[in-house]
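In what follows, a structure is listed as structure tokens, so that the remarks can point back to it.
One-based numbering, in listed order, for ligands and for the atoms of each. Positions are given from 1 along the sequence.
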Amino acid sequence: MAEQQQSADVAVTGLATMGRNLARNLARNGYRVAVHNRSRERTDALVAEFGHEGTFVPAASLEELVAALERPRKVIVMVQAGGPTDAVIDQLRPLLDDGDVVVDAGNAHYQDTRRREDQLRADGIHFLGTGVSGGEEGALLGPSIMPGGSGHAYEALRPMFDRIAAEVDGTPCCAHVGPDGAGHFVKMLHNGIEYADMQLIAESYDLLRLGLGMEPAAVAEVFGRWNSGDLESFLVEITAEVLAHVDDTTGRPFVDIVLDQAGQKGTGRWTVISALELGVPVSGMAEAVFARGLSGDARRREAARASLSGPSAVPDVGDQDRFVDDIRDALYASKLVAYAQGFDTIRAASEEYGWDVDLGAMATIWRGGCIIRARFLDRIRDAYDRRPELPTLLVDEYFRAAVADAQAGWRRVVAAAAQLGVPAPGFSSALAYYDGLRAERLPAALIQGQRDLFGAHTYRRVDREGTFHVDWSGTRTEQQR
Ligand code: 6PG
């Protein structure tokens, strides 16, 4: 439409909840936003309901959307990851020119982002694979934004991103993560950490309930208290809220009327697969994905519930207050392990793909807006400020001391969970990781021996350089390979 020509600063296509709220956030911050959705109703509904919040330019087609933009054009795509994103990009491509920028703000797989960035670059179009976290509310009021792609494209979008992002201590929760897929990789890791954190919180709740017989409302109070200490975080805060909620139809605790099968859209699984491909052990995130999978396996759970036995006597966990404190310590230490594994994975990908990701900056932009926002992230940022090449967060001076203080309680909780027969895969695998890392000697030496015996896979010695093999089936003498 002629009257719409070149009247918008930015475009958003895909107006489901996240896209709509992002468009509103931009408009409320003074940007003129061209908006488009595959089915026209959503576009009209947005303009009818929120038109007063700023300047929206409705577009009936992608052609119209692009025509409404000032150059260089900036188009934010907020559609379902995978095929639908490719379809929109394919349609946009011939409509755009050299220097225009396409932002994919969905939860894309980083390998797709790498491919798309590469393809669009051939046409001179900049592609910013951008992680956006904060859910519905974050998108509207200030998300954490993780853009990946060319520095040039980032600079073009930077003022806009900084303006709409959450802010902590005057710093916007947005930073250029690195080239091509770096932004979406970091967003994926954010989600993996989110899974681990949620699982650990859920285990804490379960142990408080089953170990101490506490009611959800009482557990809510415990989380409320924890939220004013080192565990202060959005996830702990909302846990207290969910546990305090009462179902209005039955009057029962809300948590008791919800089917105990956790859903997942897949980003946690992607994280674990990607980390394994990079060779990083991410036991915290893996256990969280496994636990969701187990919870949803209704058929096996039913069969097992009817036939498998638990401990014959229920042990006494001892002093109630001490057990509550122990669980808090287990949560803190296990959470640190999960974050350490998450940051290790980002470092591994950064080295693999040459992204040069600044880990401290990632902790900084996760301090606000996103789902894992927490006081804890200030500590992580400080740790990387102190030592950018930190081999693992666990050896940072602050965290090392914190875990030293927490470990007695952590161990008691893992032991109690095993004795109670309450599953605590997050707590126990985190402790196993901690003990594995700090072990003087690991039984991996035995595994090397086994591998050499059955497959001549060779081994290295502690006292000499080189690769060796024992002639197991013959003379049993050692040969250098
Ligand atoms: C965010 C969230 C968001 C989301 C995921 C998790 O950062 O805003 O991580 O991306 O809630 O979709 O969803 P699942 O638990 O369904 O995998």
Side-chain angles (χ1 to χ4, degrees), residues 14 16-22 24-25 76-82 84-85 103-110 112-113 129-148 161 164-166 168 173-175 177 183-202 233-239 241-242 258-275 282 284-296 335 338-339 342 345-346 362-374 377 426:
T17 324
M18 290 294 284
R20 185 192 60 190
N21 282 2
L22 211 57
R24 289 176 60 201
N25 187 349
I76 300 178
V77 179
M78 201 44 150
V79 302
Q80 228 183 310
T85 301
V103 177
D104 174 10
N107 269 334
H109 193 286
Y110 76 101
D112 285 341
T113 303
T130 301
V132 176
S133 175
E136 236 178 288
E137 198 178 288
L140 180 64
L141 303 176
S144 170
I145 306 181
M146 296 151 249
F161 283 161
I164 64 165
V168 176
C173 295
C174 177
V177 179
H184 276 141
F185 188 89
V186 163
K187 172 59 176 44
M188 179 182 76
L189 254 294
H190 164 283
N191 282 29
I193 292 174
E194 171 186 306
Y195 272 54
D197 211 341
M198 291 168 78
Q199 173 63 22
L200 295 168
I201 289 172
S233 62
F234 172 70
L235 285 171
V236 167
E237 180 193 324
I238 63 162
T239 300
E241 202 175 323
V242 172
V258 177
L259 192 67
D260 60 345
Q261 298 180 12
Q264 50 184 316
K265 291 205 210 79
T267 48
R269 189 170 48 226
W270 283 355
T271 311
V272 176
I273 293 170
S274 307
V282 285
M285 298 182 238
E287 290 298 349
V289 175
F290 298 159
R292 287 199 193 186
L294 185 151
S295 78
K335 179 171 159 153
Y339 278 69
T345 310
I346 297 176
M362 296 307 101
T364 305
I365 64 172
W366 286 348
R367 292 182 311 154
C370 65
I371 304 298
I372 63 169
R373 60 187 182 262
L377 285 152

Inset, instruction - For Tyr110, enumerate each residue passing the ring pair (Phe, Tyr, Trp, His ring centres under 6.0 Å) test, keeping only those at least two apart in sequence or located in another chain. - result: Phe185, Tyr353
Inset, instruction - Non-hydrogen atoms closer than 4.0 Å to ligand 1: which protein residues do they belong to? List them by chain and number, please. - result: Asn107, Ser133, Gly134, Gly135, Lys187, His190, Asn191, Glu194, Tyr195, Gln264, Lys265, Gly266, Arg292, Ile371
Inset, instruction - For residues Cys370 and Pro143, determine if any side-chain heavy atom of one lies less than 4.5 Å from a side-chain heavy atom of the other. - result: no
Inset, instruction - Using the test side chain to side chain contact (heavy atoms under 4.5 Å, CB included), find all partners of Ala175 that sit at least two apart in sequence or belong to another chain. - result: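 For Ala175 the side chain to side chain contact (heavy atoms under 4.5 Å, CB included) partners, ignoring immediate neighbours, are Ile365.
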Inset, instruction - Indicate whether any N or O donor in one side chain lies under 3.5 Å from an N or O acceptor in the other, for Lys265 and Asn107. - result: no
Legend entry - Those residues that, when tested against Arg20, pass salt bridge (charged side-chain N to carboxylate O under 4.0 Å, His left out) (two or more places apart): none
Legend entry - Qualifying residue for side-chain contact (heavy atoms from CB on, under 4.5 Å) with Ile371, from Leu235, Ile193, Asn191, Asp197: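 Of Leu235, Ile193, Asn191, Asp197, side-chain contact (heavy atoms from CB on, under 4.5 Å) with Ile371 is met by Leu235 alone.
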